[in-house]
Every structure is written in structure tokens, then in C-alpha cells.
Undergrad: 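This structure is in C-alpha cells; I'll ask about it shortly.
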2 protein chains.
Amino acid sequence: MAHRWQERERSGAPRLTDVAVLAGVSIATASRALSGGGVVSPGLTRRVLEAADELSYTVNPHARSLAGGLTSVLGLMVYEIDDPYFAEIAGGVIQVAGEHGWSVQVSHQDREAASDLAGVRMLRGQRVGALIIAGSGYRDPAKNATVNAELEAYAASGGRLVAIGHRDIGCDAVLPDNVGAARVAAEHLIALGHRRIGVISGPDTLTTVVDRGRGIDRAARAADVEEIVWAHAAFTRDGGRAATVRLLDSHPGLTAIIALNDTMATGALSVLRERGIPVPQAVSVTGIDDVQVAQDLAPALTTVRLPMASMGRQAARLALRPAGGEPTVREVGHELVVRASTAPPPA
Amino acid sequence: MAHRWQERERSGAPRLTDVAVLAGVSIATASRALSGGGVVSPGLTRRVLEAADELSYTVNPHARSLAGGLTSVLGLMVYEIDDPYFAEIAGGVIQVAGEHGWSVQVSHQDREAASDLAGVRMLRGQRVGALIIAGSGYRDPAKNATVNAELEAYAASGGRLVAIGHRDIGCDAVLPDNVGAARVAAEHLIALGHRRIGVISGPDTLTTVVDRGRGIDRAARAADVEEIVWAHAAFTRDGGRAATVRLLDSHPGLTAIIALNDTMATGALSVLRERGIPVPQAVSVTGIDDVQVAQDLAPALTTVRLPMASMGRQAARLALRPAGGEPTVREVGHELVVRASTAPPPA
DNA sequence: TTGTACGCGTTATCAG
DNA sequence: CTGATAACGCGTACAA
């Protein structure tokens with residue numbers, strides 16, 4: 001009961017010292033018993049563990065970080081956590097992190113390099129032990145340079161760095177095949193007979209957008225597509241709406257629309273519905289990503305599935321792995337999911 | 001240039017000492033100039049600030065936390081970050097936190113008390129400076145007790161605690177009117193003429209579910225609803241599917257379905273579509289929440305809007321406010337949003 | 001107003 | 001295998 005009394009006496013949480021006293025060992029031994037790798041005799045280890053349990057002791061991560069180095073916190077950079085694409089990735093990351101006793105700190109950006117930089121700085125400032133950067137890189141090398149320098153400095157200082165969808169950072173990465181995925185979407189439309197296709201695209205400052213665009217180009221070049229027109233806008237539902245409006249007004253002859261992600265496709269569908277243009281009878285629509293709601297849209301969206309949650313899980317596993325040797329790159333597959341938003345063009 | 005050299009010499013990030021040396025002051029002065037409240041003479045303050053900028057100094061939050069109080073990290077507890085309801089709340093929280101220079105640590109649970117407890121413990125272990133708990137409480141007082149005790153201990157030890165949708169913790173809270181929102185949904189259906197209504201509901205161990213159910217009860221009692229049947233399942237899309245299947249099979253005469261959230265409604269719509277039951281011609285469907293995709297479903301979902309992002313923002317503002325006096329409670333409004341999934345019952 | 005010196009809780013180094 | 005003890009970077013009484 002003596003320890004209970006001591007516990008009450010101190011205002012804050014129990015410290016390592018309290019555990020050590022209760023177990024009758026030095027704090028060094030207590031520390032090793034708790035976190036070290038079995039260097040302490042079994043008897044003492046058990047006593048320490050019991051004491052820690054008795055006091056419901058939890059390490060102070062700040063003290064640990066000060067003394068040692070980094071923390072068991074994983075930093076996650078995304079654009080807009082409320083975009084299903086990132087939300088699903090985040091879900092995967094948080095799940096795996098939790099399983100390993102790590103917590104996840106989320107930082108979300110404005111799709112601008114300056115904002116990215118601020119996010120990385122903040123996370124570095126927090127001394128996170130691992131950092132996953134999701135979201136696209138920038139096509140402009142100058143923009144990437146500053147952020148990447150910060151990122152590489154982080155990795156150089158011992159932090160575990162994993163990129164999702166970035167090829168240009170020399171670190172572990174989980175890479176969707178953006179070129180291939182977009183190509184599959186385009187080929188599907190072409191195979192259905194479409195020859196006049198609109199592409200609604202995010203800003204081509206983002207590498208994801210450029211890659212997906214390239215995939216479409218390839219598919220179009222391989223076939224004899226008469227007309228392929230592009231409309232760029234924000235990589236969001238509203239952007240999708242704006243781009244679709246422009247496309248429809250300027251090129252009334254289009255029979256199909258490829259959206260470079262499902263979020264934009266959602267916007268496209270909403271415009272089409274408002275205008276009373278039947279999908280897929282008059283115009284077919286495809287997306288890319290297969291976010292969970294794609295199956296529930298009106299009509300259900302034909303799209304190319306990227307396993308976001310799994311990408312998040314894989315990235316987290318890479319991030320939690322001890323640093324070692326060569327950067328690991330995991331390419332993830334994609335799969336055409338044909339639903340109700342595509343059909344042959346009207347006769 | 002001397003400082004540059006020193007900077008290189010040390011392996012890690014620049015410390016307060018480095019700034020102090022460069023500015024030619026003591027670390028105490030540097031500390032006060034950077035974070036203190038204008039107690040340092042303007043001249044020195046400027047020199048310190050310039051030095052900090054020159055070195056691109058950032059405080060080590062762990063050292064700060066060790067020395068003094070809590071950290072500029074906000075803990076956020078949600079269920080499934082990839083559920084749009086929570087994703088939208090999280091978006092609001094992260095936005096406001098970012099504006100105030102705080103970062104956000106997300107912990108997501110399994111909708112079980114044990115898991116909740118683990119999450120709170122983890123966040124407390126991290127010494128977060130504020131804690132927002134979203135997601136429902138439990139109806140079972142015993143289940144709440146342990147979690148709430150932990151939560152109150154946190155608040156008692158100086159942490160800022162804000163609840164979203166919990167009434168039973170004596171702390172700042174942002175409260176949607178779950179009873180009223182559900183009632184509005186039911187009244188809408190009743191006004192359309194529906195008298196045989198199915199309710200697909202989450203597990204009634206959650207207070208959110210109970211409250212929403214109560215709202216429906218009230219509406220039903222106030223009118224002469226012939227038949228009202230309940231089906232409970234997980235508070236997810238799949239749960240919505242399961243509950244809908246049971247309802248349809250056991251009570252073929254229903255003309256309307258109220259889902260207790262949009263996610264379940266989405267599941268209901270998918271089952272109805274698979275069975276070729278036209279919505280709203282044969283069966284009307286409503287949800288609650290108005291997640292962003294509700295407008296894009298097939299058909300567009302009639303639902304009751306809760307301002308999730310705004311709730312997140314408000315909660316974050318409360319959490320970032322210095323602790324003081326009485327708990328503040330912000331009730332947030334709701335609004336019926338009539339779309340295409342509801343109509344009068346078939347004749 | 002400014003500087004000195006101690007303590008925060010842990011890990012890691014170095015003796016025993 | 002175990003125990004002292006010195007960092008780690010910062011806030012802050014206390015002294016000047």
C-alpha cells in the first residue's frame with residue numbers, strides 16, 4: 001500500500017522511478033526491463049513488469065524522445081482527409097500503426113508546395129519516427145526540390161520515410177501504376193466503340209495527373225481516336241463539375257468522359273444528371289480509384305480500382321520496418337471495374 | 001558565417017542554445033523572446049527572432065513538454081476515419097488546428113468500450129494538449145464509466161477535453177440534436193403519407209442510435225403510424241444492407257425505410273437496387289447526416305443535414321481555447337434535405 | 001530586463 | 001547482469 005500513497009502524493013503520472021522503487025531495482029534496470037531486449041534477468045523483469053502494471057505506468061514519450069531520438073508517432077501527409085481517396089489510405093495506415101502501438105499524426109495540405117513544406121516541417125519538428133507522404137508530387141522540379149530536400153534530410157537523420165505515389169524521392173514507396181490504370185480506363189471506352197472522348201483532369205502540375213494523362217494518350221494513340229479533348233480543373237468534385245461544363249459546351253459531340261479520379265467523375269455525373277443527359281446512353285463516364293461510394297453513385301461508376309486501404313497498410317508496414325539497405329518499392333495492381341456508367345456510344 | 005559552421009558541426013537540429021549564441025543572449029532570454037509574452041526588450045527580441053529565422057529553428061516540442069506543460073498536439077478519437085461522417089469531422093478539426101499551429105493525432109476505434117479506453121490511454125500517454133472525442137457514447141453506464149473516468153482524469157490534469165455528440169461527460173461539447181434530426185426525417189415520411197415504415201438502425205448500445213430511435217418513436221406516436229419495425233445491425237454500409245434484407249423479407253408491406261445514418265442508407269439503396277425495387281416509387285428511403293456523397297447516390301438521398309465539418313471546426317476551437325469556468329455546450333442545428341429518394345407511398 | 005542553474009523522465013554509457 | 005550518472009532541449013524560479 002505504500003506505493004499507492006506515493007502515487008497519490010505526486011501530482012502527475014507515475015514515472016519510471018516509481019516503478020523502479022516499487023520493484024526494488026534501479027531505474028536503469030527498470031528501463032531495460034521495459035523496453036530493452038531481454039538483457040535483464042527473468043526474475044527482475046517480472047517484478048518490474050508487475051510494478052509497472054500495478055501503477056499503470058506508461059512511458060513519457062517526450063522524455064524518451066529527448067533522451068533517445070525519435071518517437072513512436074507516424075506522420076501522415078495527405079490532401080484533404082475528407083476526400084475518400086485519402087480517407088481510405090489513412091484508414092489503412094492508422095490500422096496498421098495501431099496494431100504496432102504507434103499513433104498517427106495527420107497533416108493535410110492545400111496541394112501547394114509551400115503548404116507541403118510547412119507540413120513536413122511541422123512533422124519533423126514533432127520528431128515523428130516515420131513519415132508517410134501520400135498525395136501527388138509536383139511536375140515542376142523546382143517545387144519538388146525544396147520539399148524533397150526536407151524529406152531527404154529527414155530520412156538522412158534516421159527517420160523512416162515512405163512515399164505513396166511518388167517516384168522521385170529515393171525512399172521506400174508504394175506505387176500505383178497511374179499510367180496503366182488510366183490506360184485501362186481509356187481502352188475500355190475505346191473497346192466499347194467510343195472515338196470522341198473528353199478527359200476531365202486535375203491541374204497538370206501534379207505528377208499523378210500527368211501520369212494518368214499519359215496513360216490515356218497511349219491508349220488513344222494506339223487506337224484511331226478521332227477526337228480527344230482535355231479540360232483541366234481542381235482535382236475535386238467541383239473541379240469535375242467545372243471541367244464537365246466546359247467540355248459539354250465546347251464539344252457537344254463527345255460520347256464519353258474519362259475523369260482522372262472518382263471524385264471528379266462524381267462531379268461529372270452530377271452535371272450530366274442536371275442537364276438531363278442520360279448516362280451511359282448518351283455519354284459514358286469512367287473514373288479512376290474506385291472509392292467506396294463509386295458503386296453507389298447514379299449510375300454506378302465504371303472505374304479502375306486502386307487498393308487504397310491496402311496501399312495505406314503496406315506503406316505503414318514499410319514505415320514501421322527498421323531502416324535497412326536499399327529502398328523497397330511495392331508496385332500495386334489495378335483492376336477495371338465495369339459498372340453501369342459505360343456503354344457503347346449512341347448509334 | 002561562424003554560426004553556419006557550428007550548425008554543420010552538430011548533427012541534429014538547431015537548439016535554443018544555438019539561437020541564443022547567435023543572438024548574443026542567454027537561453028533564458030531567447031526562450032522568453034520566442035514564446036514568452038513580450039517581457040523582453042524589443043531590440044533583443046528582434047535579434048533573437050532573426051537568429052531563429054537564420055537557423056530555421058523550431059522548438060523541440062518534447063523538450064518543451066518535459067520542461068513545462070502539455071504539447072500542441074490535439075488528439076482526435078473517431079470510429080473509422082474512412083467513414084465520411086468522421087472524415088468530414090476530422091477535416092474540420094485538422095483545418096482549425098492547423099490554423100493555430102497545432103497538429104492532430106488521430107486514433108480510431110472499434111466501437112467497443114475496450115478499444116475506446118485504449119485510444120484514450122494512448123493519447124493521454126502522448127500528453128496531448130487537447131482531446132476531442134467524436135463518435136457515440138455507450139448506453140450501458142458501466143461501459144461509459146471506465147472510459148469517462150479516464151477522460152475526466154485527463155481533464156482534471158489540465159487537458160482540454162471536448163466531446164462531439166456526448167452529453168454524459170461534464171466537459172465542453174458540440175451536440176447535434178439526434179432526437180430532433182431523426183424526428184424530422186420520420187415526420188417527412190409521415191407527411192408524405194407513409195404509414196408502414198421500417199427503421200434500419202445501428203446497435204442500440206450506442207447512444208446516438210438510441211437518441212435517433214427516440215426521435216422516430218416520437219414522430220410515430222404523434223401520428224397514426226400503422227406499423228413501425230426495427231432492424232438492428234452494424235452502423236455501416238454492410239450493416240445497412242443486412243438490416244434491409246431482413247426488413248424486406250419479413251415485412252414486404254413496408255413503403256418507407258429510415259436509415260439512422262447515411263452510410264446505412266447507402267447500403268439500403270444498394271439492396272433495393274439489386275432487387276429491382278424502385279426508389280422512391282415502391283419504397284422511400286431517408287438517411288441522417290448528409291454526408292457529401294448523399295447528393296450523388298442513386299437516387300440522390302433525402303436526408304437530414306448535420307454540419308459535420310462545422311462541428312469539427314467548432315470542437316477544435318473549443319479545444320484550443322484556454323481552459324476556463326463552466327463547460328461550454330454548442331448545440332448545432334439540422335435541416336431536412338429533400339432529394340429524390342422519397343415520395344408518397346404507392347397507391 | 002536579463003542571466004544562472006535546476007528539474008522534467010528517459011535512454012545510454014560506463015563501471016562494478 | 002546491474003547500478004550510478006551524464007546527457008537530451010527547454011521552461012522558469014531565483015538572483016543579479
Side-chain angles (χ1 to χ4, degrees), chain A residues 6-7 10-49 51-52 55-73 124-127 129 157-158, chain B residues 6-7 10-49 51-52 55-73 124-127 129 157-158:
Chain A
Q6 290 179 11
E7 189 185 356
R10 285 191 30 81
S11 65
R15 306 155 309 182
L16 185 55
T17 303
D18 301 323
V19 176
V21 168
L22 178 55
V25 300
S26 69
I27 60 167
T29 301
S31 174
R32 287 188 283 248
L34 287 169
S35 46
V39 242
V40 182
S41 67
L44 285 191
T45 301
R46 209 169 49 77
R47 267 164 56 194
V48 170
L49 259 34
L55 298 173
S56 65
Y57 165 80
T58 43
V59 285
N60 183 325
H62 301 111
R64 171 179 295 200
S65 164
L66 239 203
L70 299 165
T71 342
S72 294
V73 176
R124 271 198 84 182
Q126 304 276 352
R127 271 73 175 173
S157 71
Chain B
Q6 289 178 11
E7 189 184 356
R10 285 192 28 83
S11 64
R15 303 154 308 175
L16 186 55
T17 304
D18 302 322
V19 175
V21 168
L22 178 55
V25 299
S26 71
I27 62 165
T29 301
S31 172
R32 288 188 279 249
L34 287 170
S35 47
V39 241
V40 181
S41 67
L44 285 191
T45 301
R46 209 169 48 78
R47 268 165 56 194
V48 170
L49 259 34
L55 298 174
S56 65
Y57 166 79
T58 43
V59 286
N60 182 325
H62 300 111
R64 168 177 286 180
S65 163
L66 241 202
L70 298 161
T71 343
S72 295
V73 176
R124 272 198 84 183
Q126 303 277 349
R127 271 73 173 172
S157 71

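Keep in mind the model is a prediction, meaning the values are calculated, not measured. In the text below, chain A, chain B and the rest are named by the order of the sequence lines, each starting its count at 1.
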Undergrad: Provide, to the nearest angstrom, the distance between the CG atom belonging to L16(B) and the C1' atom belonging to dC8(D).
TA: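 Taking CG of L16(B) and C1' of dC8(D), I get 14 Å after rounding.
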
Undergrad: Rounded to the Å, how far apart are L34(B) CG and dG9(D) P?
TA: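 Result: 16 Å.
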
Undergrad: Is there a side-chain contact between V48(B) and V25(B) in this structure, where contact means two heavy atoms from C-beta onward sitting under 4.5 Å apart?
TA: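 A side-chain contact exists here, since the closest heavy-atom pair is under 4.5 Å.
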
Undergrad: Nearest-Å distance, CG (N60(A)) to P (dC8(D))?
TA: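 Rounded to the whole Å, the gap is 18 Å.
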
Undergrad: Looking at R64(A), I'd like to know whether one of its side-chain N or O atoms comes within less than 4.0 Å of OP1 or OP2 on dT10(C).
TA: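 False: R64(A) side-chain N/O out of range (4.0 Å or more) of dT10(C) OP1/OP2.
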
Undergrad: Can you tell if the side chain of T58(A) reaches within under 4.5 Å of the side chain of R127(B), non-hydrogen atoms only?
TA: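 Result yes, sub-4.5 Å side-chain heavy-atom pair found.
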
Undergrad: Assign S41(A) to base, sugar-phosphate, or nothing according to its heavy-atom contacts below 4.0 angstrom with the strands shown.
TA: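 Sugar-phosphate, backbone atoms only, no base.
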
Undergrad: In terms of the nearest nucleotide of DNA chain D, which residue is placed more toward the 5' end: A28(A) or P42(A)?
TA: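 Per heavy-atom nearest nucleotide, the more 5' residue is P42(A).
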
Undergrad: In whole angstrom, what separates L44(A)'s CG from dC1(D)'s P?
TA: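 For the pair L44(A) CG and dC1(D) P, the rounded distance is 11 Å.
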
Undergrad: Give a yes/no on whether any side-chain N or O of S26(A) is located under 4.0 angstrom from OP1 or OP2 of dT2(D).
TA: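 Checking S26(A) against dT2(D): no side-chain N or O falls below 4.0 Å of OP1 or OP2.
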
Undergrad: For residues T29(B) and R32(B), determine if any side-chain heavy atom of one lies less than 4.5 Å from a side-chain heavy atom of the other.
TA: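 T29(B) vs R32(B): side chains touch.
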
Undergrad: What is the separation between atom CZ on R127(A) and atom C1' on dT11(C), rounded to the nearest whole Å?
TA: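 From R127(A) CZ to dT11(C) C1': 17 Å.
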
Undergrad: Which atom names give the shortest non-hydrogen contact between Y57(A) and L34(A), and what distance separates them?
TA: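 Heavy atoms of Y57(A) and L34(A) come nearest at CE2-CD1, 3.6 Å.
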
Undergrad: Quick check for you: among dG3(D), dG9(D), dG3(C), whose closest atom lies nearest to any side-chain atom of V25(B)?
TA: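 Shortest atom-to-atom distance from the side chain points to dG3(C).
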
Undergrad: Quick one: is dG3(C) close enough that its OP1 or OP2 comes under 4.0 Å of any side-chain N or O from T29(B)?
TA: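 Answer yes for this pair, as a side-chain N or O of T29(B) is under 4.0 Å from OP1 or OP2.
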
Undergrad: For R15(B) and dG11(D), give me the distance from atom CZ to atom P, rounded to whole Å.
TA: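 Rounding to the nearest Å, CZ of R15(B) and P of dG11(D) are 14 Å apart.
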
Undergrad: Given dT11(C), is OP1 or OP2 found less than 4.0 Å from the side-chain N or O atoms of S35(A)?
TA: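 Looking at the OP1 and OP2 atoms of dT11(C), one of them is under 4.0 Å from a side-chain N or O of S35(A).
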
Undergrad: Take V73(A) and Q126(A) through the side-chain contact (heavy atoms from CB on, under 4.5 Å) test and state the conclusion after the steps.
TA: CA-CA 9 Å; V73(A) 176; Q126(A) 304 276 352; over 6 Å; no

Undergrad: Would you mind reading off the distance between H62(A) atom NE2 and dG7(C) atom C1', rounded to a whole angstrom?
TA: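 Value for this atom pair: 17 Å.
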
Undergrad: Whole angstrom is fine here: how far is it from CD1 in I27(B) over to P in dG7(C)?
TA: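 Nearest whole value for this atom pair: 15 Å.
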
Undergrad: Under 3.5 Å, is there an N or O donor on one side and an acceptor on the other linking the side chain of R32(A) and the base of dG3(D)?
TA: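 Yes, a donor-acceptor pair under 3.5 Å.
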
